[in-house]
Amino acid sequence: MDKNYFENQSQWEKVLAILNQEQDQQVDHTDLSPEERDLLIELRQIKALSESYTEIHDFNTDAKWHELRLQLQPSKTIKKLWDVTWIKYAAAILIFLSALIYLKVHRDKTGFNTSTAQKDFQPGGNKAILTLANGKKISLTDAQNGQLTKESDIIITKSKDGQLVYTMAPSVIPNKTAQLNFNTIETPKGGQYQVNLPDGTKVWLNASSSLKFPSSFASAQERTVALNGEAYFEVVHLNNKPFKVKMKGYDVKVLGTSFNISNYENDGFIATSLLTGSVMVDAKKNGGVVLVPGQQAYLDAKGGGLQVNTIDVNNAVAWKNGDFVFEKAHLFSIMKKIERWYDIDVIYEGSFKGFNYSGQVSRQQSLITVLDMLAATGRMKYKINVERKEVILMEN
């Protein structure tokens with residue numbers, strides 16, 4: 001948008017009035033000039049951003065706004081036209097407006113594009129591969145809804161809402177001496193999936209994760225599954241048959257509870273967060289602990305033993321509910337999650353020392369929307385290599 005648009009107070013008043021009226025009624029836009037239509041589109045986007053993000057730290061709004069005013073030199077002060085229903089959005093809109101204008105001015109000066117004319121990458125979705133005990137692979141991404149196969153006495157079904165469901169065939173008595181048949185479900189980068197195990201336990205798998213489990217627990221002494229990556233569990237209680245999640249050098253044992261485990265190898269830690277019930281964490285050489293709701297057991301691969309912290313467990317399962325949530329998280333940690341969800345690779349040009357952020361954003365936003373929010377702090381910029389599916393980050 002050309003800076004002259006910002007010098008015309010009447011255009012601002014006209015467009016802001018329309019944006020305000022759009023809350024409650026249809027508005028006639030036929031008398032808008034091309035410049036005013038462009039301004040309306042940008043303000044709609046800014047409003048959407050202000051409603052999607054709760055907070056982004058490390059952005060000095062006053063300093064950036066003062067800098068913008070010196071650069072753009074508006075002829076008049078824009079008066080406030082929002083009614084009471086807009087007051088709660090006003091501060092956020094001002095922040096994002098100033099940030100986005102700053103980014104555009106900075107791009108124009110440096111020739112470095114962050115979003116304009118770049119191909120976007122859409123968020124992940126329900127994608128997974130199921131490997132049966134006989135080695136047969138089924139793409140759950142492409143398979144039709146309904147019954148996929150039958151393994152012994154278990155019917156395996158794909159539901160219409162993207163779930164893999166294991167159920168005992170009708171009128172079948174569980175065979176308590178049958179050999180265990182193990183299945184594996186794997187999600188790729190940009191994928192997630194829900195599995196309903198034969199005992200009724202529900203498991204949500206995050207991107208780049210895998211879960212190995214028996215198709216029936218009837219003949220098992222305990223219900224044991226193996227996890228790589230991240231998953232949220234809602235375990236059904238069964239008397240005398242505990243549920244165990246096994247990882248490399250680390251087990252979690254439960255009777256009936258809900259919890260989240262993050263176990264990505266390239267993260268360098270294992271974190272078990274308990275929402276309800278009780279779990280026993282056995283970190284083998286690093287000790288063990290029994291968690292109560294609201295606690296997290298954290299094991300760093302670099303050493304230091306098993307730590308128990310009190311956390312906001314809702315943040316630990318935000319991914320399962322469709323959000324990214326960061327609390328003073330370093331940029332490297334944030335970008336690992338973004339890599340997995342958008343199926344891209346990140347290249348760093350700079351040390352990015354002290355680049356910590358706090359905030360929340362929907363996982364349904366496009367990649368560029370998320371990157372623009374990080375870049376709006378004024379501390380970093382990015383570009384995208386579409387062919388290589390790479391994001392290059394650079395310090396400002």
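Note that the numbering runs from 1 along the sequence shown for the chain. Because only heavy atoms are used, hydrogens play no part in the values below, and waters and symmetry mates are left out as well, while side chains stay in. No experiment lies behind these values; they were computed from the predicted model shown.
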- Query: In terms of the angle between their ring planes, are Phe352 and Tyr348 parallel, tilted or perpendicular, with boundaries placed at 30° and 60°?
  - Reply: perpendicular
- Applying the side-chain contact (heavy atoms from CB on, under 4.5 Å) test to Phe121, which of Ile344, Ile368, Ile338 qualifies? Ile344
- Message: Please check: side-chain N/O of Asn134 versus main-chain N/O of Lys136, any donor-acceptor pairing under 3.5 Å?
- Response: yes
- Would a distance-only check, ignoring hydrogens and angles, find a side-chain to backbone donor-acceptor pair under 3.5 Å from Asn385 to Glu390? no
- Message: When you compare the side chain of Gln360 with that of Asn315, does any pair of heavy atoms fall below 4.5 Å?
- Response: no
- Side-chain contact, heavy-atom cut-off 4.5 Å: Ser216 with Asp153? no
Determine all donor-acceptor pairs shorter than 3.5 Å in which one atom belongs to a side chain in residues 229-237; sequence neighbours excluded.
{"from": "Glu230", "atom 1": "OE1", "to": "Asn206", "atom 2": "ND2", "distance (Å)": "3.0"}
{"from": "Glu230", "atom 1": "OE2", "to": "Asn260", "atom 2": "ND2", "distance (Å)": "3.0"}
{"from": "Glu230", "atom 1": "OE2", "to": "Trp319", "atom 2": "NE1", "distance (Å)": "3.1"}
{"from": "Tyr232", "atom 1": "OH", "to": "Glu234", "atom 2": "OE2", "distance (Å)": "3.2"}
{"from": "His237", "atom 1": "ND1", "to": "Leu255", "atom 2": "O", "distance (Å)": "3.2"}
{"from": "His237", "atom 1": "NE2", "to": "Asn239", "atom 2": "OD1", "distance (Å)": "2.9"}

- Find out whether Asp372 and Tyr382 are in side-chain contact, i.e. whether some heavy atom of one side chain is under 4.5 Å from a heavy atom of the other. yes
- Crowding at CD, Glu222 (>12 non-hydrogen neighbours, <6.0 Å): yes
- Item | Any donor-acceptor N or O pair under 3.5 Å, side chains Lys137, Thr131 | yes
- Message: Looking at Lys320, I'd like to know if its NZ atom is crowded, meaning that more than 12 non-hydrogen atoms belonging to other residues, nucleotides or ligands lie closer than 6.0 Å.
- Response: yes
- Message: Tell me which one of Arg363, Arg340, Lys127 satisfies side chain to side chain donor-acceptor pair (under 3.5 Å) with Gln192.
- Response: Arg363
Can you give each donor-acceptor pair under 3.5 Å made by side-chain atoms of residues 290-311, sequence neighbours left out, with the distance rounded to 0.1 Å?
{"from": "Gln295", "atom 1": "OE1", "to": "Val292", "atom 2": "N", "distance (Å)": "3.1"}
{"from": "Gln296", "atom 1": "NE2", "to": "Ser273", "atom 2": "OG", "distance (Å)": "2.9"}
{"from": "Asp300", "atom 1": "OD1", "to": "Lys302", "atom 2": "N", "distance (Å)": "2.8"}

- Message: So that I can tick it off, tell me whether Lys253 and Asp282 are bridged by a salt bridge, with the cut-off set at under 4.0 angstrom between side-chain N and carboxylate O.
- Response: no
- Message: Please determine whether the number of non-hydrogen atoms from other residues, nucleotides or ligands lying under 6.0 Å from atom NZ of Lys202 exceeds 12.
- Response: no
- Task: Evaluate the side-chain proximity of Leu164 to Ile156: yes if any heavy-atom separation is below 4.5 Å, no if none is.
- Result: yes
